[in-house]
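Numbering starts at 1 and runs along the sequence shown.
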Amino acid sequence: MTGININCSEKDYCEMILNGEKKYETRNCDSLDPYLGKWVGLIKTGCGQAMLVGYAYIGKHKRIVDDVETFRNLYELHRIEPGSKYDIDRHGDKRLYWIGEVKRCEPIPVYTKGIVARKI
């Protein structure tokens with residue numbers, strides 16, 4: 001199985017996903033496309049040892065947002081604060097990947113490597 005990396009150095013986005021507060025994982029490119037319609041592990045990174053903290057289903061379709069206003073209006077779903085390093089750029093766009101059917105697990109250290117994802 002593959003796990004997707006979720007950088008939690010700024011905020012604990014994994015915990016938000018596990019608690020049902022964050023419904024969309026955002027990316028600047030199509031990096032999660034290989035996982036559309038699949039189960040993945042959620043790997044917490046950016047704050048020490050990478051840890052598998054749960055599992056989730058990535059929806060079959062992504063949403064592309066290309067304007068700041070729409071991105072702000074969707075805040076309750078993605079939880080990315082204005083000014084964050086993950087915020088939308090005025091001249092760019094964001095991919096929003098729906099995450100559902102989330103299952104928490106006891107944290108397990110992950111020693112494999114990967115920028116977007118890694119084997120678990």
Side-chain angles (χ1 to χ4, degrees):
M1 177 178 254
T2 301
I4 60 168
N5 295 325
I6 300 174
N7 189 318
C8 296
S9 61
E10 192 173 281
K11 269 188 160 179
D12 196 340
Y13 294 114
C14 280
E15 194 60 29
M16 289 180 187
I17 292 168
L18 294 168
N19 289 335
E21 299 165 8
K22 181 174 168 64
K23 302 287 188 186
Y24 282 107
E25 177 62 10
T26 64
R27 301 291 164 119
N28 292 330
C29 63
D30 300 321
S31 61
L32 295 184
D33 280 11
Y35 312 107
L36 289 171
K38 297 183 179 172
W39 280 92
V40 296
L42 302 174
I43 302 175
K44 183 176 185 174
T45 65
C47 46
Q49 174 65 48
M51 302 291 280
L52 174 67
V53 295
Y55 300 90
Y57 178 78
I58 304 291
K60 292 182 180 182
H61 307 283
K62 68 179 178 252
R63 179 172 183 176
I64 298 175
V65 175
D66 61 0
D67 67 278
V68 174
E69 182 180 359
T70 301
F71 192 72
R72 296 286 180 264
N73 289 337
L74 295 170
Y75 171 80
E76 293 298 320
L77 297 172
H78 60 67
R79 300 294 182 155
I80 303 298
E81 296 285 341
S84 158
K85 67 181 175 180
Y86 303 112
D87 196 8
I88 191 169
D89 182 282
R90 264 199 262 182
H91 306 292
D93 52 24
K94 295 294 263 192
R95 275 76 169 159
L96 279 65
Y97 294 88
W98 180 81
I99 298 176
E101 301 179 45
V102 178
K103 295 181 185 351
R104 184 184 298 268
C105 70
E106 286 296 318
I108 302 167
V110 178
Y111 298 102
T112 55
K113 302 291 181 194
I115 295 171
V116 173
R118 52 181 92 193
K119 292 289 182 197
I120 51 173

Aromatic plane relationship, Tyr86 with Tyr13 - under 30° parallel, 30 to 60° tilted, over 60° perpendicular: perpendicular
For residues 52-66, tabulate all N or O donor-acceptor pairs below 3.5 Å that involve a side-chain atom, not counting sequence neighbours.
{"from": "Lys62", "atom 1": "NZ", "to": "Asp30", "atom 2": "OD1", "distance (Å)": "3.2"}
{"from": "Lys62", "atom 1": "NZ", "to": "Asp33", "atom 2": "OD1", "distance (Å)": "3.0"}
{"from": "Lys62", "atom 1": "NZ", "to": "Asp33", "atom 2": "OD2", "distance (Å)": "2.7"}

By side chain to side chain contact (heavy atoms under 4.5 Å, CB included) - contacts of Glu21 (at least two apart): Met16, Asn19, Arg79
Interatomic spacing from CG in Asp87 to NZ in Lys94 - rounded to 0.5 Å: 7.5 Å
Note, Leu74 side chain near Lys23 side chain (heavy atom, < 4.5 Å): no
Residues that Lys11 engages under salt bridge (charged side-chain N to carboxylate O under 4.0 Å, His left out), provided they are two or more places apart: Glu81
Partner residues of Glu106 under the side chain to side chain contact (heavy atoms under 4.5 Å, CB included) criterion, sequence neighbours left out: none
Separation between OG1 of Thr45 and CD1 of Ile115, rounded to the nearest 0.5 Å: 11.5 Å
Residues, nucleotides or ligands: over 12 heavy atoms within 6.0 Å of Glu101 CD: yes
Audit row: Leu32, Val116, side-chain contact (heavy atoms from CB on, under 4.5 Å) steps and yes/no: CA-CA 8 Å; Leu32 295 184; Val116 173; 3.9 Å; yes
Minimal non-hydrogen separation, Ser9 against Gly46, with atom names: CB-O, 3.2 Å
Single-linkage hydrophobic cluster Trp39~Val102, side-chain heavy atoms < 4.5 angstrom: yes
Co-membership, hydrophobic cluster, residues Tyr111 and Ile6, 4.5 Å side-chain: no
Non-hydrogen atoms of Tyr24 and Trp98 that approach each other most closely: CD2-N, 3.5 Å
Sole candidate of Arg118, Lys119, Met51 that passes side-chain contact (heavy atoms from CB on, under 4.5 Å) when paired with Val110: Arg118
Verdict with reasoning, Ile80 to Phe71, per side-chain contact (heavy atoms from CB on, under 4.5 Å): CA-CA 9 Å; Ile80 303 298; Phe71 192 72; 4.0 Å; yes
Residues that Lys22 engages under salt bridge (charged side-chain N to carboxylate O under 4.0 Å, His left out), provided they are two or more places apart: Glu25
Candidate pair Leu77 and Leu96, rule side-chain contact (heavy atoms from CB on, under 4.5 Å), full reasoning: CA-CA 9 Å; Leu77 297 172; Leu96 279 65; 6.0 Å; no
Ser84: side-chain hydrogen bond (donor to acceptor under 3.5 Å, both in side chains) partners, not counting sequence neighbours: Glu10
Heavy-atom check, side chain of Leu42 versus side chain of Arg104, under 4.5 Å: no
Minimum heavy-atom distance Ile43-Ala50, with the two atoms named: CG2-CB, 3.9 Å
Qualifying residue for side-chain contact (heavy atoms from CB on, under 4.5 Å) with Tyr97, from Leu36, Ile4, Val40, Thr26: Leu36
Qualifying residues under side chain to side chain contact (heavy atoms under 4.5 Å, CB included), relative to Lys113, sequence neighbours excluded: none
Residue list, side-chain hydrogen bond (donor to acceptor under 3.5 Å, both in side chains) with Thr112, at least two apart or on another chain: none
Asp12: side chain to side chain contact (heavy atoms under 4.5 Å, CB included) partners, not counting sequence neighbours: Cys8, Cys14, Glu15, Lys44
